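The shown structure was predicted, so the numbers you read here are calculated from the model rather than taken from an experiment.
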Amino acid sequence: IAGALNVVVGDVFTKDGVPGAYVAVGEPAASAYTGLTNGLGEITFSGPDLVGPVTITAAATGYEVTSFHCFDAENLTIFLRRPPPPVTGPVPPAPAGGRIHGNLLFGNAVGLGSPYWDLIPEPRTATERKRAYVTTTMPSPFSSTSAPVVIDYEFDGATAAWPFDLATRPSATAVVAVVGLYDSARDPSGIGTTGFEPFAMGVARGVLVGPDEDVLNVDLVVDIPLDSAVRLELADPPALDSAGWIGPTYHQVRPYIDLGGEGVIAMNKHGLLLPGPFEPLPNRYLFPDGETAMVLGRLAPLSGPLADASYSFVVGAYSGFEATPFSVRVVRGVTDTNRPVTIDDFLGVSRPVDPLPLPDGVASGMGIRVAPEGPPDAEPSFNLHLFAGGDGVQYWRMFTCGELDAIDFPDLSIAGFAPIPTGVAVNWTHWRLHVPGSTINTFTYRQLGSLYWDAYAADFWSVQFPAE
């Protein structure tokens, strides 16, 4: 900012400008730069003493307040949130999906269609059987896939192809089969999380499915033995079991094969449904207690149909069932699994200093202060603080630069807006987010999507601000 600042205030749902929104630069009561947006939600401030970094606050009746702190760029767009408008009329139909029809095959390029599942060992107990789970890739590591088709193997000497009919989203995708031994005696949920041991995989690439389209004759060849491994080493990971806090309590990794525009494959139980409460989640691997290194086995080699793919690793310190507090690193583009992969640049888990979580104390004033816990010392690109009531009403949304750990709420009473509620419990959520190459000054709202993050940390507290 060097003498001019352009602000656009929009509605997050309609994307239209918000006319008459109040905007202030700095503390509203003392600032020479305050005003109301025009009919398009725009306002421009200018003056020789207008230099950054500054705090910009936007408010409008019926909307959550939003403020940007330590901001130093000429242009800023602020989207305000309000309760979503009621839905009128019939609920619109969900997007139409498609179906993929094909056959699961064993063999190789010169002899497809074997009646034997030779890549899978013979069952070792009376309750084991050879089984395949067939489904599509996931759009990203933070999404899910359709329910799998389950194929159980029974040798009869005549069957050399096992048909599948798979529901899927309309997209460019790949069909994946994970094949191994399934033991019903070790699987209380019946969905394979604990009773399935994978040994091989098949991938059919380049499947394009349109809405309401049936794609036919997809050959899914199981020819990838799960015989690769990689060593992961954590450098300065978040601390576990810190005194006085509920977490994090464990380090965990989720490995994926990234096929680019065709999605990702979770390793190595891709497609299994999530189990019931208190059962292990599939495709999650815990670091041994006290250890910061581990070897992940039974991975697919990046060759054949996966020659242009890469590995991604979502590695984090979590609490409970991947609950807050957590700190996570996302490492993408790993193609060499013969060397150890170092996971570093974690973000420290945020710890509230003022106010402390209830029932321990009340804020000393109308502001907040946090202190990220070491040993990680990487800085986020920006912070996001959310304040809401127990009824879900959103009060304030605060964006700050990465290094700012103490923030006061601008006093909007001069413009007729109420402060954060005092004397009652307020829910405070803090996100620390790292987007490669970005800072608060280059922030765009698309960066709130998890696909842009390579590190993130979050926690949630119930706090109270002092009554007057």
Notebook entry, point to check: How far does OG of Ser350 sit from CG of Asn383, to the nearest 0.5 angstrom?
Noted result: 7.5 Å

Note to self: Quick check on the 6.0 Å ring-centre criterion: do Phe409 and Phe387 meet it?
What the structure shows: yes

Checklist line | Point-to-point distance, once rounded to the nearest 0.5 Å, from OH of Tyr285 to CG of Leu232 | finding: 11.5 Å

Notebook entry, point to check: Are Ser364 and Asp354 close enough that a side-chain donor and a side-chain acceptor fall under 3.5 Å?
Noted result: yes

Next item on the list: Starting from the C-alpha separation in whole Å, work towards a yes-or-no answer on side-chain contact (heavy atoms from CB on, under 4.5 Å) for Asp183 and Thr125.
Entry: CA-CA 8 Å; Asp183 188 348; Thr125 69; 3.8 Å; yes

Notebook entry, point to check: Do Trp428 and Trp396 have ring centroids that are under 6.0 Å from one another?
Noted result: no

Note to self: Using the salt bridge (Lys or Arg N to Asp or Glu O under 4.0 Å) criterion, which residues pair with Asp187? Sequence neighbours excluded.
What the structure shows: none

Next item on the list: With sequence neighbours left out, write down each residue that passes ring pair (Phe, Tyr, Trp, His ring centres under 6.0 Å) with Phe417, or none if nothing qualifies.
Entry: none

Notebook entry, point to check: Sequence neighbours excluded, which residues qualify as side-chain contact (heavy atoms from CB on, under 4.5 Å) partners of Val435?
Noted result: Ser381, Phe382, Ser438, Gln447, Tyr452, Trp453

Check: Can you name the nearest heavy-atom pair linking Asn427 to Gly390, along with the distance?
Finding: ND2-CA, 3.7 Å

Checklist line | side-chain contact (heavy atoms from CB on, under 4.5 Å) involving Glu403 - partner list, sequence neighbours excluded | finding: Glu379, Cys401

Check: In chain order, what residues pass the salt bridge (Lys or Arg N to Asp or Glu O under 4.0 Å) check against Glu322, with sequence neighbours excluded?
Finding: Arg284

Item checked: Test side chain to side chain donor-acceptor pair (under 3.5 Å) applied to Lys130 - qualifying residues, sequence neighbours left out -> Glu122

Checklist line | ring-ring contact (aromatic ring centres under 6.0 Å, His included) pairs, two or more places apart, involving residues 287-314 | finding: Tyr311-Phe313

Next item on the list: Over 60° means perpendicular and under 30° means parallel, so classify the ring planes of Trp461 and His430, tilted if in between.
Entry: tilted

Notebook entry, point to check: Testing Arg131, Lys269, Arg124 for salt bridge (charged side-chain N to carboxylate O under 4.0 Å, His left out) with Glu197, which one passes?
Noted result: Arg124

Note to self: Is the distance between the ring centroids of Phe196 and Tyr133 under 6.0 Å?
What the structure shows: yes

Next item on the list: For Pro466 and Met366, work out which heavy atoms get closest and say how close.
Entry: CD-SD, 4.2 Å

Margin query: For Arg446, give me all partners under salt bridge (Lys or Arg N to Asp or Glu O under 4.0 Å), at least two apart in sequence or on another chain.
Written below: none

Checklist line | By side-chain contact (heavy atoms from CB on, under 4.5 Å) - contacts of Asp214 (at least two apart) | finding: Arg99, His101, Leu216

Next item on the list: Return the set of residues passing side chain to side chain donor-acceptor pair (under 3.5 Å) with Tyr445 (not counting sequence neighbours), or none when no residue passes.
Entry: none

Margin query: With rounding to the nearest 0.5 angstrom, report the CD to CE distance, Glu291 to Met294.
Written below: 10.5 Å

Item checked: Considering all heavy atoms, the nearest Gly210-Pro170 contact -> C-CB, 3.8 Å

Pair up each side-chain donor or acceptor in residues 368-376 with any protein partner under 3.5 Å, not counting sequence neighbours, and list the distances.
unit_1	atom_1	unit_2	atom_2	d
Glu373	OE1	Ser242	OG	3.3
Glu373	OE1	Arg351	NE	3.0
Glu373	OE1	Arg351	NH2	2.7
Glu373	OE2	Ser242	OG	2.5

Item checked: Pair Asn283-Tyr256, side-chain donor/acceptor within less than 3.5 Å -> no

Next item on the list: Answer whether the closest heavy-atom distance between the side chains of Thr249 and Leu240 falls below 4.5 Å.
Entry: no

Next item on the list: First locate atom OH of Tyr456, then atom CZ of Arg432, and finally report the distance between them rounded to the nearest 0.5 Å.
Entry: 15.0 Å

Item checked: Geometric cation-pi criterion Arg298 and Phe199, 6.0 Å radius, 45° cone -> yes

Item checked: Nearest non-hydrogen partners of Leu273 and Pro282, listed with the distance -> O-CG, 4.2 Å

Checklist line | Atom pair CG/CD1 of Leu299 and Ile257 - distance to nearest 0.5 Å | finding: 7.5 Å

Next item on the list: To the nearest 0.5 Å, tell me how far Phe68 CZ sits from Thr400 OG1.
Entry: 10.5 Å

Next item on the list: Tell me, please, which residues at least two apart from Glu262 pass side-chain contact (heavy atoms from CB on, under 4.5 Å).
Entry: Ala174, Arg205, Leu259

Item checked: Whether over 12 other heavy atoms sit under 6.0 Å from Asp289 CG -> no

